[in-house]
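Remarks on the structure that follows.
Starting from 1, each residue takes its place in the sequence as its number.
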Amino acid sequence: MAADLSQIVKAYDVRGVVPDQWDEKLAELFGAAFVRITDATAIVVGHDMRPSSPGLSRAFALGATAQGADVTEIGLCSTDQLYYASGALNLPGAMFTASHNPAEYNGIKLCRAGAAPVGRDTGLADIRRLAEEWSDTGAPEPAATTGTISRRDTLDDYAAHLRGLVDLTAVRPLKVVVDAGNGMGGHTVPTVLAGLPLDVVPMYFELDGTFPNHEANPLDPANLVDLQARVRAEGADLGLAFDGDADRCFVVDEHGDPVSPSAITALVASRELARNGGSGTIIHNLITSWSVPEVVKEHGGTPVRTRVGHSFIKQEMATTGAIFGGEHSAHYYFKDFWNADTGMLAALHVLAALGGQDGPLSALVSSYDRYAGSGEINSTVADQADRLAAIKAAYGDRDGITLDELDGLTVTASDWWFNVRPSNTEPLLRLNTEARTRSAMEQIRDEILGIIRA
């Protein structure tokens, strides 16, 4: 029987436990299917520091070459370094990583030439179908001519490209603590930041896919604790935390307090608008702060609101010609980076903004962080649709309230808003709420949670 790959082929990538759910044999089939579906004659492949990554990456390359495609292996890299290679070389690409997932996981992020994403509706479902068929019938028929495998180091070129997109000439000396979480930030940060007037204090730069210090997921506050303590102990100007594949970057200020990704989105948006003559479209998802569209308009830009998820952001970036996009999850997308996400470029913007003036980071970001937010609160529910209907019934008839269902349910009043979204993979509802004051936010948060958890 053909394998059922529904558990590992997700909406946007391949991800599962190795070797229980997938292995090098399956990776080879994915490589062959990727070439077949994209009609690629050449591809670029990279991988993170997980113990299983080199073997899976090479197996994928062999599957691709058997179908006649030439493979450029760039070896150890961050996900945004793979996107750089796909864009700069104009080749489809495959990145082997499971991002912030535990050590036993691995996965593949796929893109077409120019870092255009491959998801369920743009080729991934077809790749899954072929891999399932071949797992039953054996290896696909090889091409008449086998492709070649070559090696290429792209780290220096990647770093130079990023630094060419930010004016760093006025940066004053800063002390920066960087927590790489034993992930790929330990590989990219030293090269990207080399030569700048920075005293970099490294934390967990050793590449170790078993994550011996903490999970490489800075979205979880527990994984920021070490960085926060070190920033305070060092008297540093700021701290940066990267996830496992170093495509997301979180920021803490000089007090060790986390800076909202919405505030970083607003800060970078204002800088990108200035770079583009004071006009342009900025994408933000519907659970970023009210601050984001406000700042965008104040700086001459046009904000466009989207659903949550990188595929929606990238689609809107392409459709609108947007110059920048940001998400609450600390994914930051740049037109000058092939509409792909790079936390490293966002970090350079923060360093340039902070280093170009004399005040502390907390003061700098205060103008971009204007409201009280709850952060994302997850609740396990027996019936997602039933709870959403109950919330809609509770708020639908109130005066001065608007409802929309672009993504889940968003309810907006004059001084607060909230969004409730069902998880696609778990029996969860995700709540985000924001208000003009903390007391108002806490009141509306508790009211909604009472309905969700009734």
> Between the side chains of D179 and H214, is a donor N or O closer than 3.5 angstrom to an acceptor N or O?
Replying inline: yes

> Got N276 and K335 here, is their nearest side-chain heavy-atom distance under 4.5 Å?
Replying inline: no

>> Are R305 and L406 packed together at the side-chain level, in the sense that at least one heavy-atom pair is separated by less than 4.5 angstrom?
In response: yes

> If you measure from CG on L196 to CG on L351, what distance do you get to the nearest 0.5 Å?
Replying inline: 7.5 Å

> CD1 of I451 to CG of L388: how many Å apart, nearest 0.5 Å?
Replying inline: 11.0 Å

>> Quick one, Q21 with L26, criterion side-chain contact (heavy atoms from CB on, under 4.5 Å). Give me CA distance, side-chain angles, the key distance, then yes/no.
In response: CA-CA 9 Å; Q21 292 181 296; L26 200 47; over 6 Å; no

>> Give me the atom names and distance for the closest heavy-atom approach of D13 to I108.
In response: CB-O, 3.2 Å

> Does a side-chain N-to-carboxylate-O contact under 4.0 Å join E28 and K25?
Replying inline: no

> Which residues pass the side chain to side chain contact (heavy atoms under 4.5 Å, CB included) test with Y371, sequence neighbours left out?
Replying inline: S289, W290, S291, E294, E434, R436

> What is the minimum heavy-atom distance between G186 and A180, and which atoms define it?
Replying inline: N-CB, 3.4 Å

> Roughly how far apart are L345 CG and E272 CD, rounded to 0.5 Å?
Replying inline: 6.5 Å

>> Going by side-chain hydrogen bond (donor to acceptor under 3.5 Å, both in side chains), T79 matches just one of D247, D245, T342, D243. Which one?
In response: D245

>> Between I323 and I282, is the side-chain contact (heavy atoms from CB on, under 4.5 Å) condition met? List the steps.
In response: CA-CA 6 Å; I323 59 175; I282 303 293; 3.7 Å; yes

>> Assess, by modelled atom type and distance only, whether the side chains of T433 and R445 contain a donor and an acceptor separated by less than 3.5 Å.
In response: no

>> Is it the case that atom CD in E426 sees more than 12 heavy atoms from other parts of the structure closer than 6.0 Å?
In response: yes

>> Taking the six-membered ring of Y12 as reference, does the cationic atom of K314 (NZ for Lys, CZ for Arg) lie under 6.0 Å from its centre and within 45° of its axis?
In response: no

> Checking R50 side chain against T97 main chain: does a donor-acceptor pair fall under 3.5 Å?
Replying inline: no

> Any side-chain donor-acceptor pair under 3.5 Å between S57 and E73?
Replying inline: no

> How far does CG of L267 sit from CZ of R271, to the nearest 0.5 angstrom?
Replying inline: 6.5 Å

> Side chain of E327, backbone of G309: donor and acceptor closer than 3.5 Å?
Replying inline: yes

> Got a donor-acceptor contact below 3.5 angstrom from the R112 side chain to the T122 backbone?
Replying inline: yes

> Looking only at atom types and distance, does a side-chain atom of T281 sit under 3.5 Å from a main-chain N or O of A322, one as donor and one as acceptor?
Replying inline: no

> How are the rings of F418 and W416 set relative to one another: parallel (under 30°), tilted (30 to 60°) or perpendicular (over 60°)?
Replying inline: parallel

>> Take a 6.0 Å sphere around NZ of K10 and say whether it holds more than 12 heavy atoms from other residues, nucleotides or ligands.
In response: yes

>> Taking the side chain as everything from C-beta on, heavy atoms only, tell me whether M344 gets closer than 4.5 Å to S78.
In response: no

> For the side chain of D386 and the backbone of A389, is there at least one donor-acceptor N/O pair under 3.5 Å apart?
Replying inline: no

>> Under a plain distance cut-off of 3.5 Å, with no hydrogens placed, do T191 and D156 share a side-chain donor-acceptor pair?
In response: no

>> How close do A33 and A131 get, counting heavy atoms only, and between which atoms?
In response: CB-N, 4.5 Å

> How close do N101 and F211 get, heavy atom to heavy atom, and via which atoms?
Replying inline: O-CE1, 3.6 Å

> Short question: side chain of E132, backbone of L5 - any donor-acceptor pair under 3.5 Å?
Replying inline: yes

> Under 3.5 Å, side chain of S86 to main-chain N/O of L82, donor-acceptor pair present?
Replying inline: no

>> Would L91 and I43 count as a side-chain contact (heavy atoms from CB on, under 4.5 Å) here? Give the steps.
In response: CA-CA 5 Å; L91 294 177; I43 65 171; 5.6 Å; no

>> If the threshold is 4.0 Å, N to carboxylate O, is there a salt bridge linking D80 and R248?
In response: no

> Hey, are the side chains of L240 and L238 touching, using non-hydrogen atoms and a 4.5 Å cut-off?
Replying inline: yes

> Can you check whether T148's main-chain N or O pairs, donor with acceptor, with D70's side chain at less than 3.5 Å?
Replying inline: yes

> Going from CZ on F334 to OH on Y83, what distance comes out if it is rounded to the nearest 0.5 angstrom?
Replying inline: 14.5 Å

> Do S135 and L29 have side chains that get closer than 4.5 Å, going by heavy atoms?
Replying inline: yes

> Roughly how far, to the nearest 0.5 Å, is the CG atom of N285 from the OG atom of S262?
Replying inline: 7.5 Å

> Going by heavy atoms in the side chains, are L193 and L348 under 4.5 Å from each other?
Replying inline: yes

>> Is the shortest side-chain heavy-atom distance between Q228 and P258 below 4.5 Å?
In response: yes

> Do we see a donor-acceptor contact under 3.5 Å between the side chains of Y204 and D226?
Replying inline: yes

> So, the side chain of E316 versus the backbone of G321: is there a donor-acceptor pair under 3.5 Å, distance only?
Replying inline: no

>> Run the side chain to side chain contact (heavy atoms under 4.5 Å, CB included) test against A263 and tell me which residues pass, sequence neighbours left out.
In response: V259, S260, Y368, D369

>> Tell me every residue that passes ring-ring contact (aromatic ring centres under 6.0 Å, His included) with F242, counting only those two or more places apart in sequence or in another chain.
In response: none

>> Give me the atom names and distance for the closest heavy-atom approach of V295 to S270.
In response: CG1-CB, 4.3 Å

> Relative to each other, are the rings of H161 and W338 parallel, tilted or perpendicular (30° and 60° limits)?
Replying inline: parallel

> What heavy-atom pair brings Y333 and G326 nearest, and what distance separates the two atoms?
Replying inline: CD1-N, 4.5 Å

> Regarding N182 and N213, is there a side-chain donor-to-acceptor distance under 3.5 Å anywhere?
Replying inline: yes

> Taking the six-membered ring for Trp, are Y332 and F324 parallel (under 30°), tilted (30 to 60°) or perpendicular (over 60°)?
Replying inline: parallel

> Okay, side chain of Q384, backbone of S423: is any donor-acceptor separation there less than 3.5 Å?
Replying inline: yes

>> side-chain contact (heavy atoms from CB on, under 4.5 Å), that's the test. Do Y158 and L162 meet it? Break it down for me.
In response: CA-CA 6 Å; Y158 153 81; L162 291 184; 3.5 Å; yes

>> Do V308 and R430 make a side-chain contact, defined as non-hydrogen atoms from C-beta onward lying under 4.5 Å apart?
In response: no

